[in-house]
Amino acid sequence: MKFAIALFSPPHAPSSRRALRFAQAALAGGHEIVRLFFYQDGVHSASSNVVCAQDEVDLPREWREFVQAQQLDGVVCIAAALRRGVLNDDEAQRYSRTAANLDATWELSGLGQLHEAAQLADRLVCFGGP
Amino acid sequence: MATLHVLSHSPFTDSRLSSCLRILGSQDALLLCGDAVYALQDGSAQRQALELMPESIALYALDEDVQARGLVFPARLTLVDYPGFVALSCQYDKVNTWL
């Protein structure tokens, strides 16, 4: 089965961890993930500036390693990211900001990518809230 | 079209659970995760509402969240792990998360 997974919550929300565990279980079960889409506060999980306490789960790092290892299509909503200060090199240059913090694992794109993922997948599963 | 409804907000802070219960179809199912598992709290109106659902509506909860809160759950509840959550997503036609 093909899954599209959308994440709406920041890395410190338990639902963000559930999204990752669900995605891992989906692949372990032989399913396919057509796209991961980070929207609203979910964009913070794509930031390379998040620092976690040593005894806590580092979700942005886990997501990064997961997406890289599985070669997934990880898309971050550009409008949601810009307003939250999550920028890649192109956007930092365009808006004359001093630093970029979007990890190279991720691609900034529009909401159309979520719509397309929902069409391509058999199931769209969203994670958000607490 | 059978839908799996996924709730994660505490039923004591908003009306998502009661709204969800109102619109549930007879073949739909409910998956409680995170603080939504507090709906299973013994003696609460929410627990009573869940127990009064028609038998055709399946009730699931994420095992880790029930364990973490030490809740005593009703007989009709089925605990699932993450592979179980994935299996439910396949079993039902749609997954509707109450964000």
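Below, each value reflects all heavy atoms present in this structure, side chains not excepted, and no hydrogens, waters or symmetry copies. Since we're looking at a predicted model, the values are computed, not measured.
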Applying a strict under-4.5 Å side-chain criterion to I, L, V, M, F, W and Y, I'd like to know whether [X] and [Y] cluster together.
X: B:Leu77; Y: B:Val6; value: no
X: B:Leu7; Y: B:Leu21; value: yes
X: A:Val34; Y: A:Leu27; value: no
X: A:Leu72; Y: A:Leu120; value: no
X: A:Phe38; Y: A:Leu111; value: no

Discussion item. As an exercise, state the distance from CE of A:Met1 to OG of B:Ser89, rounded to the nearest 0.5 Å.
Written reply: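 Result: 9.0 Å between the selected atoms.
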
Practice prompt. Measure the spacing between CG of A:Leu124 and OG1 of B:Thr97 and express it to the nearest 0.5 Å.
Written response: 8.0 Å

Which portion of [X] sits near chain B, non-hydrogen atoms under 4.5 angstrom:
X: A:Phe3; result: side chain
X: A:Arg21; result: both
X: A:Pro14; result: neither

Worksheet item: Tell me, side chain or backbone of B:Asp81 under 4.5 Å from chain A's heavy atoms, or both, or neither?
Response: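 For B:Asp81, there is no contact with chain A at all, as no heavy atom is under 4.5 Å.
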
Fill in: Side chain, backbone, both or neither of B:Leu62 within contact of chain A (heavy atoms, under 4.5 Å)
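Only the side chain of B:Leu62 comes within 4.5 Å of chain A.
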
Worksheet item: Any ring pair (Phe, Tyr, Trp, His ring centres under 6.0 Å) pairs touching residues 23-64 of chain B, not counting sequence neighbours?
Response: none

Discussion item. Using ring centroids (six-membered ring only for Trp), state whether B:Tyr82 and A:Phe22 fall under 6.0 Å.
Written reply: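 Not under 6.0 Å, so no.
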
Worksheet item: Given the options B:Tyr92, B:Trp98, B:Phe85, which has more heavy-atom pairs under 4.5 Å with chain A than any of the others?
Response: B:Phe85

Counting neighbours of [atom1] on [X] that are heavy atoms of other residues, nucleotides or ligands and sit closer than 6.0 Å, is the number greater than 12?
X: A:Gln71; atom1: CD; value: no
X: B:Arg69; atom1: CZ; value: yes
X: A:Asp89; atom1: CG; value: no

Discussion item. If the threshold is 4.0 Å, N to carboxylate O, is there a salt bridge linking B:Glu64 and A:Arg17?
Written reply: yes

Discussion item. Ignoring hydrogens, what is the shortest heavy-atom contact between A:Ala25 and B:Pro83? Give both atom names and the distance.
Written reply: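 Residues A:Ala25 and B:Pro83, closest heavy atoms: CB-N, 3.9 Å.
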
Worksheet entry | Contact summary for B:His9 and A:Gly129, nearest pair of heavy atoms |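 It is CE1-CA, 3.8 Å.
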
Item to complete: Determine yes or no for a side-chain-to-main-chain donor-acceptor pair under 3.5 angstrom, with A:Arg123 supplying the side chain and B:Val86 the backbone.
Response: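 No: the side chain of A:Arg123 does not pair with the backbone of B:Val86.
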
